[in-house]
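Please read all numbers here as calculations on a predicted model, not as lab measurements.
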Amino acid sequence: MICLARSKMMSARLLSQVSLFSFVTAASLITVQHASASSYQQVYEVVFNEALQPEVSGEQADAEIQQELAVYEAGQLPAYKVTSGQFTKKVREKLATRSEQTLNDEADYYGRLDKLVHSNGICMAGTWQITESGKNGEGQPYTGMFAKDAKSLFIGRLSVALSDTKQGEHQAFGMAGKIFGTNDPTQSVTTESFFVADVLTGALRDSVFVAPMTNKPKIGFRFSVLSLGLKIGPIFSKADKDAGMRPINGIAQMGLAADAKPVSPKYMMLSPMKPENYQMNPGIDFRQEFALTPQETAKNITRDFAIYVSETATKPEDNGWQHIGYIKADKTAVSYGCDRQLHFAHPKVS
């Protein structure tokens with residue numbers, strides 16, 4: 001059974017009206033309350049134990065949040081609908097105003113965050129582990145959290161763009177990761193986030209475990225999402241000179257002295273690793289497929305991703321990828337905190 005974090009504490013104690021303004025990330029509307037220097041334990045509690053009470057603003061928003069909480073509380077998978085029609089002129093104006101600021105926003109979570117594109121997801125917690133020495137074209141070893149033997153606590157979110165959550169549909173998988181740079185769960189830190197994706201417009205996939213994701217993903221073409229792309233694509237391109245790529249050099253800077261020179265790969269790929277004895281299950285929701293079962297947890301089975309880096313390769317099928325380590329997640333959950341509060345800062349192309 002998929003792990004759905006409970007929301008009783010929040011639904012019983014919804015706050016009275018609070019002032020709200022929209023804060024839009026590349027795929028999110030975010031409220032003003034947030035936390036930017038957090039410990040792993042704090043973020044973990046928000047995602048897996050529903051420790052943060054949601055913000056509300058007015059009767060309509062209050063009712064909407066209560067409806068959402070009821071889905072998680074009932075142990076159901078939410079089915080957020082994402083359509084081109086939702087991106088009205090007003091929403092696009094907010095997106096244009098706030099998208100540049102969010103590229104420098106280091107918040108780890110908010111009281112309320114409506115993910116506009118990647119609304120349906122599943123979160124994971126575990127470790128980021130670098131087991132091999134990766135080097136650039138000049139033979140220099142990578143630094144920071146790309147260096148051999150680097151290990152850190154990690155929280156991530158695997159999601160699909162739009163509403164296609166079941167295998168066999170056109171799915172646009174994406175993953176956001178938060179590296180804490182420490183193995184102390186109580187230490188408050190400024191985290192480093194990354195973003196990788198499969199094919200931005202979606203591809204027919206039989207399993208989430210056959211969808212390697214890179215930080216410069218393929219765009220693809222899908223006529224049914226052309227209208228949405230025409231609405232929001234220019235906004236993202238204006239905010240960042242290369243909106244189709246998310247840099248990873250911040251990972252190479254983690255833990256370095258101020259005067260140290262970081263050495264970072266340009267590209268990264270995360271390749272999901274099929275669980276032992278995995279069997280295809282056509283039509284299954286990807287969140288059910290990826291979730292750890294109680295039986296797997298009891299056997300210390302994890303959900304793993306192989307980490308690859310490169311100076312030149314951008315597509316999964318390209319030559320030039322170096323395997324340097326793993327992400328190992330020993331906890332998964334679909335929760336309100338995962339879908340509506342967790343935030344990942346967007347690194348900007350410099």
Task: side chain to side chain contact (heavy atoms under 4.5 Å, CB included) evaluation trace for Phe195 with Phe344 - done: CA-CA 9 Å; Phe195 296 83; Phe344 297 87; 3.4 Å; yes
TODO: Test Leu342 against Val43 for side chain to side chain contact (heavy atoms under 4.5 Å, CB included), laying out the working first.
DONE: CA-CA 8 Å; Leu342 184 62; Val43 181; 3.7 Å; yes
- [ ] Determine, stepwise, if the pair Met269 / Val196 fulfils side chain to side chain contact (heavy atoms under 4.5 Å, CB included).
- [x] CA-CA 7 Å; Met269 176 173 67; Val196 291; over 6 Å; no
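Pairs of residues two or more places apart, or lying in two chains, that qualify as salt bridge (charged side-chain N to carboxylate O under 4.0 Å, His left out) and include a residue from residues 135-163 are Arg157-Asp339. For the salt bridge (charged side-chain N to carboxylate O under 4.0 Å, His left out) condition, the pairs that include at least one residue of residues 185-200, sequence neighbours left out, are Asp198-Arg205. Listed by first and then second residue, the salt bridge (charged side-chain N to carboxylate O under 4.0 Å, His left out) pairs that reach into residues 253-277 come to none, sequence neighbours excluded. For residues 170-188, every residue pair satisfying the salt bridge (charged side-chain N to carboxylate O under 4.0 Å, His left out) rule, not counting sequence neighbours, is listed here: Asp108-Lys178.
Arg287 contributes atom CZ, which lies 8.5 Å from atom CD1 of Ile122 (distance to the nearest 0.5 angstrom). Glu45 CD to Ser38 OG: the interatomic distance, rounded to the nearest 0.5 Å, is 12.5 Å. Separating the CD atom in Gln288 from the OG1 atom in Thr293 is a distance of 12.5 Å, to the nearest 0.5 Å. Once rounded to the nearest 0.5 Å, the distance linking CD1 of Ile327 with CD1 of Ile155 reads 12.5 Å. We find the OG-CD distance between Ser335 and Glu73 to be 13.5 Å, quoted to the nearest 0.5 Å. In this structure, the separation between NZ on Lys331 and OG1 on Thr297 is 7.0 Å, given to the nearest 0.5 Å.
Placement of Met145 and Val263 within a single hydrophobic cluster is found when ILVMFWY residues are connected by side-chain heavy-atom separations under 4.5 Å, directly or transitively. Tracing side-chain contacts under 4.5 Å through hydrophobic residues (I, L, V, M, F, W, Y), one never reaches Leu256 starting from Trp128; they form parts of separate clusters. Leu204 and Met213 fall into different hydrophobic clusters, where Ile, Leu, Val, Met, Phe, Trp and Tyr are joined by side-chain heavy atoms under 4.5 Å apart, directly or via other members. There is no path of hydrophobic side-chain contacts, each under 4.5 Å, that joins Phe290 to Tyr326. Two different hydrophobic clusters hold Tyr308 and Met273 under the rule that ILVMFWY side chains link at heavy-atom gaps under 4.5 Å.
In this structure, a donor-acceptor pair under 3.5 Å is absent between the side chains of Gln41 and Ser39. There is no side-chain donor-acceptor pair under 3.5 Å between Thr165 and Asn120. With no hydrogens or angles considered, a side-chain donor-acceptor pair links Gln167 and Glu289 at under 3.5 Å. A side-chain donor-acceptor contact under 3.5 Å links Thr182 and Gln187.
Listed by chain and residue number, Lys218 satisfy the salt bridge (Lys or Arg N to Asp or Glu O under 4.0 Å) test with Glu317 (two or more places apart in sequence, or in another chain). Residues that satisfy the salt bridge (Lys or Arg N to Asp or Glu O under 4.0 Å) test with Glu68, not counting sequence neighbours, are Arg112, Arg340.
Side-chain contact check for Phe154 versus Thr127: every heavy-atom pair is 4.5 Å or farther apart. You'll find the side chain of Val334 reaches within 4.5 Å of the side chain of Pro78, heavy atoms only. Between Pro275 and Arg303, the closest side-chain pair of non-hydrogen atoms falls below 4.5 Å. Side-chain contact between Ile65 and Tyr336 is present, with heavy atoms from C-beta onward closer than 4.5 Å. Under the 4.5 Å side-chain criterion, counting only non-hydrogen atoms from C-beta, Ser207 is in contact with Met280.
Closest heavy-atom contact between Gln42 and Ala37: OE1-O, 4.2 Å. Contact record, Met124 with Phe48: C-CZ, 3.8 Å, taken as the closest heavy-atom pair. Residue Gly121 comes nearest to Phe286 through the heavy atom pair CA-CZ, 4.1 Å, listed as atom of the first residue, atom of the second, then distance. When all heavy atoms of Ile307 and Leu270 are compared, the closest pair comes out as CG1-CD2, 3.8 Å. The two residues Pro262 and Ala252 make their nearest non-hydrogen contact at CB-O, 3.9 Å. Summarising the geometry of Phe146 relative to Ser264, their closest heavy-atom pair is CE1-OG, 4.0 Å, with the distance given to 0.1 Å.
Remark: side-chain polar atoms of His170 are not paired, donor with acceptor, to backbone N or O of Ala172 under 3.5 angstrom. With hydrogens and angles disregarded, no donor-acceptor distance shorter than 3.5 Å links the side chain of Thr302 to the backbone of Asp330. Gln341 places a side-chain N or O within 3.5 Å of a backbone atom of Gly111 that can act as its donor or acceptor partner. In this structure a side-chain-to-backbone donor-acceptor pair under 3.5 Å is missing from Gln253 to Gly144. Under the 3.5 Å distance criterion, the side-chain polar atoms of Thr332 are matched with a main-chain donor or acceptor of Leu292. Formation of a donor-acceptor pair under 3.5 Å by the Thr314 side chain with backbone atoms of Lys216 is not found in this model.
Partner of Tyr267 under the side-chain contact (heavy atoms from CB on, under 4.5 Å) criterion, out of Asn215, Val309, Ile248, Thr214: Asn215 alone.
Residues Asp304 and Lys328 are paired through a salt bridge, judged by an N-O separation under 4.0 Å between the basic side chain and the carboxylate.
Aromatic pair Tyr109/His343: ring centres not closer than 6.0 Å. Within the 6.0 Å centre-distance limit, the rings of Tyr278 and Phe209 are counted as a close aromatic pair.
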